[in-house]
Number of protein chains: 2
Amino acid sequence: MADQKCMTCATRTVSNERAIAMLEKAGLRATAPRVILTCLLFCDESHNHITAEELYEQSIEADCRVSLATVYNTLRAFTAAGILRQVNTDCSRVYFDTDPNEHHHFYDEKTGKLINIGENLLKDLKLPPLPDGTELKGVDLLVRISS
Amino acid sequence: MADQKCMTCATRTVSNERAIAMLEKAGLRATAPRVILTCLLFCDESHNHITAEELYEQSIEADCRVSLATVYNTLRAFTAAGILRQVNTDCSRVYFDTDPNEHHHFYDEKTGKLINIGENLLKDLKLPPLPDGTELKGVDLLVRISS
DNA sequence: ATACCTGCAAAGTCTTTGCAATCAA
DNA sequence: TTGATTGCAAAGACTTTGCAGGTAT
């Protein structure tokens with residue numbers, strides 16, 4: 001692929017090279033838009049929650065504009081590939097979490113913000129038997145709060 | 001209010017009178033559309049999961065058509081009044097649960113169906129301290145499965 | 001070479017809203 | 001009477017898709 005000219009990415013912890021490696025490891029083609037979005041999503045190592053629209057705005061601010069449609073498609077592809085996780089709150093909008101590992105959130109209904117819960121509240125959870133012919137895909141726990 | 005002529009409701013377990021009582025208890029005006037929707041939602045005593053569109057279709061089938069906008073508004077009003085509970089899955093659509101008490105669900109990602117989990121899996125759950133200045137609104141647990 | 005990806009604009013889906021008419025209290 | 005509620009159609013928010021051109025492998 002062509003060199004990335006995105007200065008925002010180039011100055012972050014996760015270099016373009018690292019973004020490319022991350023994409024390849026996930027089995028995704030390292031296209032220019034994906035490298036940009038990977039840098040924006042994972043560049044500061046802090047695991048974040050972001051919406052498609054917010055990521056789109058970030059790409060504009062970074063002078064690396066990626067079309068909104070591609071942002072949506074990429075977020076979906078990243079989620080399918082397991083490097084992002086979708087967080088469903090009140091469905092007014094979908095958040096994507098850059099920490100794909102199982103963890104939980106506070107969701108502030110007033111502000112719409114997500115806050116990670118550090119500890120694993122479900123470590124002792126004993127699930128009831130799953131319905132016949134089904135397999136477990138994941139367990140979502142959301143603690144709704146209001147400020 | 002005027003007598004309800006909805007035969008569907010009249011032949012169900014929860015009579016119009018009972019629907020009216022339910023609405024009044026919830027502090028909601030007992031308008032004709034609300035009585036119809038209350039009958040449709042709660043008539044068979046089995047707690048169900050339903051979408052706005054499905055409820056709208058049911059009202060048509062019952063010859064008690066309520067406009068789709070009113071169905072949406074009513075579901076929101078019922079949820080705010082505490083006689084319904086919103087269940088968020090993958091946000092492809094919002095379900096409403098006629099059991100407003102805290103309980104959990106299996107969500108089949110393949111079929112889109114919700115299944116109640118009978119036991120309270122969170123009875124021993126110890127929540128971490130809430131963020132300062134916030135109050136608890138509820139805890140949502142969704143077990144995602146696929147058939 | 002070829003299958004995949006991108007951007008754009010258009011379309012789609014689900015939900016909310018403006019407004020005049022109607023209704024419950 | 002009076003504020004709440006309804007239906008309709010239009011608008012809105014968010015997301016997906018068709019297609020032509022571009023790109024990674």
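Just so it is clear: chains get the letters A, B, ... in the order the sequence lines come, proteins before strands, and each one is counted from 1. Please read these numbers as outputs of a predicted model, since none were measured by experiment.
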Please state how far atom CZ in A/Arg29 lies from atom C1' in C/dT6, giving the value in whole angstrom units. 12 Å
Shortest non-hydrogen contact between A/Asn48 and A/Thr98, atoms and distance: N-OG1, 2.7 Å
Same cluster or not: B/Leu28 versus B/Tyr72, using hydrophobic residues (I, L, V, M, F, W, Y) connected whenever any side-chain heavy atoms lie under 4.5 Å apart? yes
Does B/Thr31 put a side-chain nitrogen or oxygen below 4.0 Å from OP1 or OP2 of D/dT6? yes
Atom CZ of A/Arg76 and atom P of C/dT6 are separated, to the nearest Å, by 12 Å
Return the minimal non-hydrogen interatomic distance between A/Ser59 and A/Val66, and the atom names on each side. OG-N, 3.2 Å
Between A/Val66 and B/Leu28, which has a closest nucleotide on DNA chain C that is more 5'? A/Val66
With nearest nucleotides of DNA chain D determined for B/Arg34 and B/Ala69 from heavy-atom distances, which residue corresponds to the more 5′ nucleotide? B/Arg34
Take the protein atom CZ of A/Arg65 and the nucleotide atom C1' of C/dT6, then report the distance between them rounded to whole Å. 11 Å
Interatomic distance where CG belongs to A/Leu55 and C1' belongs to D/dT15 [whole Å]: 15 Å
In whole angstroms, the gap separating C1' of D/dT5 from CG of B/Leu75 amounts to 15 Å
Output yes when at least one side-chain N/O atom of A/Ser67 is less than 4.0 Å from OP1 or OP2 of C/dG7, else no. yes
Between D/dG7 (P) and B/Asn73 (CG): distance, integer Å: 10 Å
Expected output: side-chain B/Lys137 to main-chain A/Ser146 donor-acceptor under 3.5 Å: no
Check every atom of D/dC14, C/dT6, D/dT5 against the side chain of A/Tyr72 and return the nucleotide holding the closest atom. D/dC14
Taking CG from B/Asn88 and P from D/dC14, how many angstroms apart are they, rounded to a whole number? 16 Å
In whole Å, I'd like the distance from the CZ atom of A/Arg93 to the P atom of D/dT15. 10 Å
With a 4.0 Å cut-off on N to O distance, would you call B/Asp140 and B/Arg85 a salt bridge? yes
With a 4.0 Å cut-off on heavy atoms, is B/Ser92 in touch with a base, just the backbone sugar-phosphate, or nothing at all? sugar-phosphate
